[in-house]
Amino acid sequence: MNRAVPAARDRSAREPGATRAQTPGPRTPASAPGSPEPRTPRAPGSRAPRTDGGIGAWAELLRLPALFTVPGDALAGAAAAGARPGPRTLLAIGSSVCLYEAGMALNDWADRAEDAVERPHRPLPSGRIRPAAALTAAGALTGAGLALAAGAGRPALAVAAPLAATVWAYDLALKHTPAGPAAMAAARGLDLLLGAAATGGGTRAALPSAALLGSHTLAVTAVSRRETTGGSALAPLAALATTGALAGLAARRRNRLPAGRRAAAAPGLSGSTPAPGVTDALGAGLSAVYAATAARPYFHAALNPSPPLTQRAVGGGIRATIPLQAALAARSGAGATSLLIAALAPAGRWFARRTAMRKVSIT
């Protein structure tokens, strides 16, 4: 997951989680796990802080603006499998979203003691959401994700189950180990394969696209491990090199289309794909957008690996996920699907600019 896929550390099965910018303000001290929450005096007529019910707090916990990076996994997987998106693809997207958000909630539950020291403004250490509520949400969302995958068919469930296991293993055990970035990369790759399995019934044709998306996630996650401390130019430089290589590979059209798409592309048949020249140009353009989105903040972080610039590099890497997904779809010859994925980027920016979302970072 994070989500992925579907996630500072990447916060899902999904994309890396990073420190979010918050408006300074008074906060109640964080309690030690299991101890009563401290109470602060309130002025007459003032309201007590809301817990477990504030929309803003749950939006922060679940990183709602980052959700726009999730649907492209399943859509790119469907394109790689040579199948048109359909109802089963929608079920795969729903499963991906649930598992991504489960990873977000579980991530903050697992990090609640660390966040109480380094990020006391977050929903759990600030007392706006109780740890038990976050853990319950993670479990419920995981169950919902697996149920939606089961609705998409047995092949989809066969991918969703290890995806869910990877999300939980990352948050609870692997995050702070050398295997952490690889686990996050595996989660994003599995998320793409989930779309392929749900739509086309198989995953073999989608393995190259999953590898490319996983490599991007690996680079972002490696950078995110230094987002609160900074001080390392190696990870941003490696991510910069990875971005250049991925942009070149994503711009190249696949030599062989999956059997289903080869049949659909036959002259005179319904569902013919756009002319190769059109999809080639589209793929090249989207690859360039991907490179521009990720490379500039990586470069700045390499020159000055301070925490703020490292956090910007992580955010840029997460935002670059959408144009990469779109480029992978175009690489598979699915021009319409690639445009649909690309449209998620401006939609995500509009959503993030809404008043209620301005304090919620994608990282």
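These numbers were taken from a predicted model, which means no experiment stands behind them.
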Side-chain contact, heavy-atom cut-off 4.5 Å: [X] with [Y]?
X: E101; Y: L64; value: yes
X: L324; Y: T321; value: no
X: P120; Y: D115; value: no
X: K175; Y: N107; value: yes
X: S95; Y: L99; value: yes

Scan the side chains in residues 196-204 for donor-acceptor partners under 3.5 Å anywhere in the protein, sequence neighbours excluded, and list what turns up.
unit_1: T199; atom_1: OG1; unit_2: T89; atom_2: OG1; d: 2.6
unit_1: T199; atom_1: OG1; unit_2: G195; atom_2: O; d: 2.8

Mind listing the closest non-hydrogen atom pair of [X] and [Y] along with its distance?
X: A134; Y: A105; answer: O-CB, 3.6 Å
X: W58; Y: A137; answer: CZ3-CB, 3.9 Å
X: L344; Y: G72; answer: CD1-N, 4.1 Å
X: G335; Y: L282; answer: O-CD2, 3.7 Å
X: A313; Y: Y298; answer: O-CE2, 3.6 Å
X: S338; Y: A326; answer: CB-O, 3.1 Å

Would [X] end up clustered with [Y] when hydrophobic side chains under 4.5 Å apart are linked, directly or stepwise?
X: V70; Y: L339; value: no
X: F299; Y: L309; value: no
X: L148; Y: I93; value: no
X: L90; Y: L146; value: no
X: F68; Y: I341; value: yes

Quick one: does [X]'s side chain have a donor or acceptor within less than 3.5 Å of a partner on [Y]'s backbone?
X: S332; Y: L328; value: yes
X: R331; Y: A250; value: no
X: R88; Y: A152; value: yes
X: S96; Y: A92; value: yes
X: S126; Y: P123; value: yes
X: T221; Y: P181; value: no
X: R128; Y: H121; value: yes

Do Q325 and L192 pass the side chain to side chain contact (heavy atoms under 4.5 Å, CB included) test, and can you show the C-alpha distance, the side-chain angles, and the key distance before you say yes or no?
-> CA-CA 9 Å; Q325 293 163 337; L192 186 146; over 6 Å; no
Got a salt bridge between R119 and D111, using NZ or NE/NH1/NH2 to carboxylate O under 4.0 Å?
-> no
R63 bridged to D108 by N-O distance under 4.0 Å = yes
List in chain and number order the residues that pass side chain to side chain contact (heavy atoms under 4.5 Å, CB included) with A182, two or more places apart in sequence or in another chain; answer none if no residue qualifies.
->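 A182: no side chain to side chain contact (heavy atoms under 4.5 Å, CB included) contacts found.
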With sequence neighbours left out, write down each residue that passes side chain to side chain contact (heavy atoms under 4.5 Å, CB included) with T229, or none if nothing qualifies.
->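 For T229, the residues satisfying side chain to side chain contact (heavy atoms under 4.5 Å, CB included) (neighbours in sequence not counted) are R226.
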Between C98 and T142, is a side chain to side chain contact (heavy atoms under 4.5 Å, CB included) present by the stated rule, with each step listed?
-> CA-CA 6 Å; C98 288; T142 300; over 6 Å; no
Please output the side-chain donor-acceptor pairs of residues 232-243 that fall under 3.5 Å, not counting sequence neighbours, one pair per line with the distance.
unit_1: T242; atom_1: OG1; unit_2: A238; atom_2: O; d: 2.9
unit_1: T243; atom_1: OG1; unit_2: A239; atom_2: O; d: 2.8

Show the numbers, then the answer: is there a side chain to side chain contact (heavy atoms under 4.5 Å, CB included) between E114 and H176?
-> CA-CA 12 Å; E114 176 184 335; H176 302 299; 3.6 Å; yes
Please report the interatomic distance [atom1]([X]) to [atom2]([Y]), rounded to the nearest 0.5 Å.
X: T136; Y: R130; atom1: OG1; atom2: CZ; result: 9.0 Å
X: W168; Y: L172; atom1: CH2; atom2: CG; result: 6.5 Å
X: E60; Y: L124; atom1: CD; atom2: CG; result: 11.0 Å

Return a table of donor-acceptor pairs under 3.5 angstrom between the side chains of residues 286-293 and protein atoms on other chains or two or more places apart.
unit_1: S287; atom_1: OG; unit_2: A251; atom_2: N; d: 3.2
unit_1: S287; atom_1: OG; unit_2: G283; atom_2: O; d: 2.8
unit_1: Y290; atom_1: OH; unit_2: H216; atom_2: ND1; d: 3.2
unit_1: T293; atom_1: OG1; unit_2: V289; atom_2: O; d: 2.7

For residues 156-167, tabulate all N or O donor-acceptor pairs below 3.5 Å that involve a side-chain atom, not counting sequence neighbours.
unit_1: T166; atom_1: OG1; unit_2: P162; atom_2: O; d: 2.7

Start with the C-alpha gap between V314 and V220, add the side-chain angles, then the distance that decides, and say whether side chain to side chain contact (heavy atoms under 4.5 Å, CB included) holds.
-> CA-CA 6 Å; V314 175; V220 179; 4.3 Å; yes
